[in-house]
Each structure stands twice: as C-alpha cells, then as structure tokens.
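First up is the structure itself, then whatever we jot down about it.
As a basis for the values below, the full set of heavy atoms in this structure was taken, side chains included, without hydrogen atoms, waters or symmetry mates. Residues take their numbers from the sequence shown, with the count starting at 1.
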Amino acid sequence: FHLLRNPLTADLPWPGLIFGLSILAIWYWCTDQVIVQRCLSAKNMSHVKAGCILCGYLKLLPMYLMVFPGMISRILYTDTIGCVVPSLCKQYCDTEVGCSNIAYPTLVVRLMPAGLRGLMLSVMLASLMSSLTSIFNSASTLFTMDIWTKIRPKATEKELMLAGRLFTLILIAIS
C-alpha cells in the first residue's frame, strides 16, 4: 500500500490531485458567482459564515449518494457494471474502460417501481433546472452590472432589467 503513487504513470497522479483539486475548491468556494451571490444575500456576516460551514458539511453528502449506489450496482450486476474484460465492457456499455457510467441508471430502471422512476426523473430535472437558473441569473447579473453599465453608464433600472433579460435569452439560445 502506497499513499503517494508514481506522479507520472499512476492511475491518479498525486500532483494533479493535490494541486488541481485545491485550485478547483478555492475557485468553487471563493469566486464562483452563484456561491458569492448566495453569500451576499444573507442577513449578516454570521449567517454567511454559518451558511458556508453548513454547505461544506452538506458537500460531503453527495459523495455517499454517488459512491454507495455505484458499490451496490457493482455487487448486484457484476456481469454488466462490474465487467473487467474490455471486450465484454464494450458489448455492455460501448466503452472498454468499464461500465460505471451506467451504474446509477441501471439501479433506477431495474429496481424502482414505475411511480418512483417518474419521481426520480422529476427530481433530476428539477435539480438541473435549479442549477441552470442559478447560472443564468449569475451570468445575467455579471453582464448587466459589469459590462452594460460600462457601455451605458446612465442606464435606468428598467433598461438594466431588460438588458439582463435579453442577455439571459441569448445565453439560453446559445446553450
């Protein structure tokens, strides 16, 4: 057992893990516009700190929600999800490196009854829509306050609102 494996030839090189993940974590928690806007909307500084600490603890929850279903599906469906031979993996899921990307959908489709499958689909779509609206709102705010106010410094509130809405429509069309 080696904690730090070869930095060049290992499956998970430790320099990328340490430096890459620390940069991503700093970006996500300190400069991501969605997080910053949520912090700015708090009542006072103690609510901001408590909210960030609570979010840090809640970020541990998805790890269990992602790891456990993968482990369960690997045990229940050893031939398809837990395939080891690249030719069999290619036959089951069109990739030679493994079928872990179909572990969760396989559990949902094969184990859940029809009503719960629909509920799970609606939950996934709701979370996707929530994330998209947060991103569109943040991008619209950044465009309106940082770019549009530089183009038109004496813009009225109504004009800023219209510019933000139009920018959101442009983002939706592009995406």
Report the C-alpha distance between Leu111 and Leu76 in whole Å, list the side-chain angles of each, state the deciding distance to 0.1 Å, and finish with yes or no for side-chain contact (heavy atoms from CB on, under 4.5 Å).
CA-CA 10 Å; Leu111 292 181; Leu76 289 178; 3.8 Å; yes
Which distance, rounded to the nearest 0.5 Å, do you find between the CG of Asp79 and the CG of Leu88?
8.5 Å
Hey, quick one: are Leu128 and Ile172 part of the same hydrophobic cluster, counting side-chain heavy atoms closer than 4.5 Å, chains of contacts allowed?
yes
Value rounded to 0.5 Å, distance of CG in Leu160 from NZ in Lys158:
12.5 Å
Report, as yes or no, whether the 6.0 Å neighbourhood of atom CE on Met124 holds more than 12 heavy atoms from other residues, nucleotides or ligands.
yes
Co-membership, hydrophobic cluster, residues Met120 and Leu116, 4.5 Å side-chain
yes
Interatomic distance, OG1@Thr168 vs CG@Asn137, rounded to 0.5 Å, equals 7.5 Å
Does the distance from Cys39 SG to Cys52 SG come in under 2.5 Å?
no
Rounded distance (nearest 0.5 Å) linking atom CG of Asn101 with atom OG1 of Thr106:
9.0 Å
Give a yes or no on whether the backbone of Arg38 and the side-chain of Ser41 come within a donor-acceptor separation of less than 3.5 Å.
yes
State whether the number of non-hydrogen atoms from other residues, nucleotides or ligands found under 6.0 Å of Met66 atom CE is greater than 12.
no
Taking only residues two or more places apart in sequence or in another chain, which ones pass side chain to side chain contact (heavy atoms under 4.5 Å, CB included) with Ile75?
none
Consider only side-chain heavy atoms of I, L, V, M, F, W and Y, link residues closer than 4.5 Å, and tell whether Ile151 and Leu171 are in one cluster.
yes
To the nearest 0.5 Å, how far apart are CD1 in Ile174 and CG in Leu169?
11.0 Å
Distance alone, cut at 3.5 Å: any donor-acceptor contact between the side chains of Ser73 and Arg110?
no
Give every residue pair that meets the salt bridge (Lys or Arg N to Asp or Glu O under 4.0 Å) criterion with at least one member in residues 140-152, sequence neighbours excluded.
Arg152-Glu159
Asp94 CG to Cys99 SG distance, which is reported to the nearest 0.5 Å:
9.0 Å
Before you tell me yes or no, could you show the steps for Lys90 and Thr95 under side-chain contact (heavy atoms from CB on, under 4.5 Å), namely the whole-Å CA-CA distance, both residues' side-chain angles and the distance that decides it to 0.1 Å?
CA-CA 5 Å; Lys90 182 79 170 163; Thr95 60; over 6 Å; no
Determine whether a donor-acceptor pair (N or O, by modelled atom type, separation under 3.5 Å) exists between the side chain of Ser138 and the backbone of Ile135.
no
Do the side chain of Thr133 and the main chain of Met129 share a donor and acceptor less than 3.5 angstrom apart?
yes
With a 4.5 Å cut-off on side-chain heavy-atom distances among I, L, V, M, F, W and Y, is there a chain of contacts connecting Ile53 to Leu58?
no
A side-chain contact here means heavy atoms from C-beta on lying under 4.5 Å apart; do Cys93 and Ile102 qualify?
yes
Qualifying salt bridge (Lys or Arg N to Asp or Glu O under 4.0 Å) pairs, either residue in residues 160-175, two or more places apart
none
Pairs in or reaching into residues 149-175: which pass ring pair (Phe, Tyr, Trp, His ring centres under 6.0 Å), with residues at least two apart or in two chains?
Phe143-Phe167
Count I, L, V, M, F, W, Y as connected when their side-chain heavy atoms are under 4.5 Å apart, and connections chain through other members. Are Phe19 and Ile26 then in the same cluster?
no
Can you list everything that forms a disulfide bond (SG atoms under 2.5 Å apart) with Cys89? Sequence neighbours excluded, please.
Cys83
Where at least one partner belongs to residues 81-140, residue pairs that pass ring pair (Phe, Tyr, Trp, His ring centres under 6.0 Å), sequence neighbours excluded
none
